[in-house]
Amino acid sequence: MVDATDYASATEEVVSAARDRRPLALTALAVHGVMTGVLDPAHNARLNSFDVVTPDGQPVRWALNLLHRAELSDRVYGPQLTLHVLHRFADEGLPVYLYGSTEETLARLVPALERMFPGIKIAGMEPSKFRQVQPGEDVEIADRIKASGARLVLVGLGCPRQEIFTYAMRPLLDMPMMAVGAAFDYHAGLLRNPPPWMQKAGLEWFWRLGLEPKRLWKRYVILNPAYLGRLAAQKTGVWKARPPAPATDRPTTFAV
């Protein structure tokens, strides 16, 4: 259930939730994220409970246009959406909390963001613990975030861990949460963006595969054809997509 949205609309939803002190869950899904939900009904239901799911990849935007005549002129790429949101937060003096990745990445990310947005307020940051949550730890994390004065949490745990974390923590926080994928690494200068022509042509997956073949080959070699097959089947009517109802139960365990 990806939303037919654009940068301006998605940004405004996040900023409005922050101003109103209300929870909101957002994620940006490319083909890998979409197929992770398709192949896991429980995760599919979690994704369908999100307030905003943006078309992170060009193939997802193309599918919305092909199947639903969305007439989207551009994708809503997670790392770029992050910059749009942070620009607004810096202008309005709304503090931001960074959750996930490693201490080294966060140490590079914060000064990079401060250079891009001189008025930005980083309320706090917390690297991933790279393990499952312990009893009561979710409440402790939420309390630390709220005590920091943050009005937004950026979550960089990787797909699908970050979506599960965001889904599980949303009931505990009165602020928007954005699962931003590799945005931390990109904006910290640890990953290079592909040339604009490759992004426009939907070939970012090929660029990333070249950078990290051992880690990503299964993701793209297996899931990309599966995505195209589902898309063709849905377009021709051979397969009718029946998305599950949004999930409501909090998971008993999830990665932190």
Side-chain angles (χ1 to χ4, degrees), residues 1-17 24-85 87-88 159-160 162-163 166-167 176-183 193-208 219-247:
M1 299 296 289
V2 180
D3 292 298
T5 188
D6 56 22
Y7 284 113
S9 298
T11 299
E12 189 58 40
E13 291 202 54
V14 175
V15 174
S16 295
L24 178 140
L26 178 149
T27 187
L29 296 184
V31 168
H32 171 243
V34 170
M35 291 305 297
T36 299
V38 168
L39 299 175
D40 182 346
H43 188 57
N44 198 343
R46 284 191 292 266
L47 292 174
N48 284 344
S49 77
F50 272 56
D51 302 281
V52 184
V53 178
T54 76
D56 179 275
Q58 295 289 8
V60 180
R61 176 181 71 89
W62 296 336
L64 285 171
N65 289 345
L66 178 67
L67 297 174
H68 306 292
R69 300 179 182 177
E71 298 183 356
L72 295 175
S73 61
D74 197 5
R75 63 176 176 164
V76 183
Y77 180 47
Q80 186 61 39
L81 177 61
T82 300
L83 297 182
H84 283 270
V85 169
H87 184 272
R88 290 286 299 279
C159 177
Q162 62 192 8
E163 283 80 19
T166 299
Y167 169 80
M177 303 178 69
M178 293 176 57
V180 296
N193 273 310
W197 71 267
M198 291 190 79
Q199 297 186 49
K200 195 70 175 177
L203 293 174
E204 185 167 355
W205 67 271
F206 189 70
W207 172 269
R208 292 198 64 189
R219 173 188 301 188
Y220 296 126
V221 171
I222 296 175
L223 293 185
N224 282 10
Y227 174 82
L228 293 174
R230 293 266 183 160
L231 178 58
Q234 189 172 349
K235 178 62 178 176
T236 58
V238 173
W239 172 67
K240 294 187 181 299
R242 293 183 176 86

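Excluded from the calculations below are hydrogen atoms, water molecules and symmetry mates; all remaining heavy atoms, backbone and side chain alike, are included.
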Problem - Non-neighbouring partners of D51 that pass salt bridge (charged side-chain N to carboxylate O under 4.0 Å, His left out), sequence neighbours left out - result: R170

Practice task
Return the set of residues passing side-chain hydrogen bond (donor to acceptor under 3.5 Å, both in side chains) with T27 (not counting sequence neighbours), or none when no residue passes.
Solution key: E163

Problem - Sub-4.5 Å side-chain heavy-atom contact between L72 and P55 - result: yes

Using residues 228-240 as the side-chain source, report each donor-acceptor pair under 3.5 Å to any protein atom, sequence neighbours left out, with the distance given to one decimal.
unit_1	atom_1	unit_2	atom_2	d
K235	NZ	L66	O	3.4
T236	OG1	A232	O	2.8
T236	OG1	A233	O	3.3

Handout entry: Rounded distance (nearest 0.5 Å) linking atom OG1 of T166 with atom CZ of R46
Key = 11.5 Å

Exercise for the section: Identify the heavy atoms of G37 and N44 that sit nearest to each other, and give their distance. Expected result: O-CB, 3.2 Å

Handout entry: Beyond-backbone contact of V53 with F50, side-chain heavy atoms, under 4.5 angstrom
Key = yes

Completion exercise
Residue pairs meeting salt bridge (Lys or Arg N to Asp or Glu O under 4.0 Å), one or both in residues 25-44, sequence neighbours left out, come to none

Handout entry: Within-4.5 Å side-chain heavy-atom neighbours: Y227 and V60
Key = yes

May I have the list of side-chain donor-acceptor pairs in residues 4-13 shorter than 3.5 Å, sequence neighbours left out?
unit_1	atom_1	unit_2	atom_2	d
D6	OD1	A8	N	3.4
D6	OD1	S9	N	2.8
D6	OD1	S9	OG	2.9
Y7	OH	Y77	N	3.0
T11	OG1	Y7	O	2.7
E12	OE1	R88	NH1	3.2
E12	OE1	R88	NH2	3.2
E12	OE2	S16	OG	3.1

Problem - Nearest heavy atoms of P176 and A17, plus distance in Å - result: CD-C, 4.0 Å

Problem - Pair W207-N193, side-chain contact (heavy atoms from CB on, under 4.5 Å): steps then yes or no - result: CA-CA 8 Å; W207 172 269; N193 273 310; 5.8 Å; no

Exercise for the section: Using the test side chain to side chain contact (heavy atoms under 4.5 Å, CB included), find all partners of M1 that sit at least two apart in sequence or belong to another chain. Expected result: N48, P243

Practice task
For H68, check side chain to side chain contact (heavy atoms under 4.5 Å, CB included) against everything at least two apart and list the hits.
Solution key: L64

Problem - Sequence-distant partners of W62, side chain to side chain contact (heavy atoms under 4.5 Å, CB included), two or more places apart - result: Q58, P59

Practice task
Taking the side chain as every heavy atom from C-beta outward, state whether H84 and V14 have any atom pair closer than 4.5 Å.
Solution key: no

Problem - Atom NE2 of H87: over 12 foreign heavy atoms under 6.0 Å - result: no

Handout entry: Minimum heavy-atom distance P160-H43, with the two atoms named
Key = CB-NE2, 3.5 Å

Handout entry: Rounded distance [0.5 Å steps], CG in L29 versus OG1 in T36
Key = 8.5 Å

Handout entry: salt bridge (Lys or Arg N to Asp or Glu O under 4.0 Å) pairs, two or more places apart, involving residues 55-82
Key = R75-E204

Exercise for the section: To the nearest 0.5 Å, tell me how far L47 CG sits from C159 SG. Expected result: 7.5 Å

Practice task
Evaluate side-chain contact (heavy atoms from CB on, under 4.5 Å) for L26 paired with L81, printing each intermediate quantity in order.
Solution key: CA-CA 11 Å; L26 178 149; L81 177 61; 3.9 Å; yes

Handout entry: Closest approach of S49 to A247 (non-hydrogen atoms, all atoms of both residues)
Key = CB-O, 3.6 Å

Practice task
Check the pair M178 / T82 against side-chain contact (heavy atoms from CB on, under 4.5 Å), numbers first and verdict last.
Solution key: CA-CA 8 Å; M178 293 176 57; T82 300; 4.3 Å; yes

